Amino acid sequence: MMAEPNVHPSAAVTDVCDTVLHNLADQHDWTCLELRDGPEQPRSLIKGLPPKRLYLHPDDQIAALAHEEATGEKLFQNPEYELVLPVHITETWSLSRFAAVFNSVPSNGARPKRILLATLHNDSTVVYYLMHEGMVKPRQN
């Protein structure tokens, strides 16, 4: 089930993408979903808008906690568009393949800081992981 970089997506990869896309829409209420694939991309990605923000940078988290302490109200964080990399649990990935995915994302000179990794299991369960490029500060608890 392993797709080679810079090759048109196989039927198996397309099935994984379709399953994850439907899971995001039907189970997690994502909107504005679009499948992004092309010959310049090593792997198809899904772009979409989750119903709430998935990740809060540690610096923003500190500011939000200070605001909540000062006002007693939680600071509303608008959701952000996210990129999702659908993969099957049986695929073998390397750091260089993940780096190629990060490199393939057109983003006005700045690469994305994170991609949501969607791992499809044989029983159709999808597990999501935030995947960051490089080092990230630990979150405040």
Side-chain angles (χ1 to χ4, degrees), residues 1-69 71-141:
M1 170 102 172
M2 185 169 150
E4 293 300 320
N6 300 321
V7 175
H8 188 69
S10 70
V13 171
T14 301
D15 289 346
V16 170
C17 291
D18 288 344
T19 301
V20 170
L21 194 132
H22 289 293
N23 182 265
L24 289 168
D26 300 338
Q27 299 296 316
H28 299 287
D29 298 326
W30 282 44
T31 57
C32 305
L33 289 164
E34 64 181 59
L35 185 61
R36 304 174 113 198
D37 60 0
E40 71 284 349
Q41 287 185 249
R43 187 59 178 253
S44 299
L45 294 171
I46 297 170
K47 180 180 178 184
L49 188 63
K52 64 180 185 175
R53 186 171 291 191
L54 297 183
Y55 176 77
L56 191 57
H57 188 277
D59 294 340
D60 296 333
Q61 186 180 25
I62 291 169
L65 289 171
H67 173 81
E68 185 176 350
E69 186 176 311
T71 66
E73 297 178 2
K74 287 192 174 203
L75 187 62
F76 178 74
Q77 301 287 332
N78 287 323
E80 299 175 329
Y81 278 92
E82 298 286 346
L83 289 174
V84 181
L85 173 60
V87 301
H88 192 271
I89 189 72
T90 59
E91 290 183 77
T92 302
W93 279 77
S94 65
L95 289 177
S96 63
R97 283 188 73 198
F98 286 125
V101 170
F102 274 97
N103 289 338
S104 73
V105 177
S107 55
N108 300 330
R111 290 167 48 168
K113 295 178 182 171
R114 68 180 175 277
I115 291 177
L116 191 63
L117 180 66
T119 304
L120 176 65
H121 293 254
N122 290 331
D123 65 357
S124 297
T125 301
V126 182
V127 179
Y128 296 93
Y129 302 93
L130 281 171
M131 186 170 62
H132 293 266
E133 182 179 42
M135 300 296 290
V136 177
K137 288 183 185 179
R139 293 184 66 134
Q140 303 293 315
N141 288 330

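What you see is a predicted model, and the numbers here were worked out from it, not measured in a lab.
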What pair of heavy atoms forms the shortest contact from [X] to [Y], and how long is it?
X    : Y    : value
P42  : S104 : CD-CB, 3.3 Å
V105 : V101 : CG2-O, 3.4 Å
V87  : R43  : CA-NH2, 3.9 Å

About how many Å separate [atom2] of [Y] and [atom1] of [X], when rounded to the nearest 0.5 Å?
X   : Y   : atom1 : atom2 : result
R97 : E91 : CZ    : CD    : 6.0 Å
T31 : Y81 : OG1   : OH    : 6.5 Å
H22 : Q27 : NE2   : CD    : 12.0 Å
D18 : N23 : CG    : CG    : 12.5 Å
K47 : L24 : NZ    : CG    : 14.5 Å
L65 : K74 : CG    : NZ    : 9.0 Å

Considering only heavy atoms from C-beta outward, does the side chain of [X] approach that of [Y] to under 4.5 Å?
X    : Y    : value
V84  : I115 : no
L85  : F98  : yes
L120 : P86  : no
W93  : L117 : no
H88  : N122 : yes

Quiz item: Picking from L45, T14, I46, V20, what satisfies side-chain contact (heavy atoms from CB on, under 4.5 Å) with L35?
Solution: I46
Quiz prompt | Main-chain N/O of W30 paired to H28 side chain as donor or acceptor, under 3.5 Å | solution = no
Practice problem: Check side chain to side chain donor-acceptor pair (under 3.5 Å) between E34 and all other residues, then give those that pass, not counting sequence neighbours. | Solution: R36
Quiz item: Mind checking what makes side chain to side chain donor-acceptor pair (under 3.5 Å) contact with E80, not counting sequence neighbours?
Solution: R114
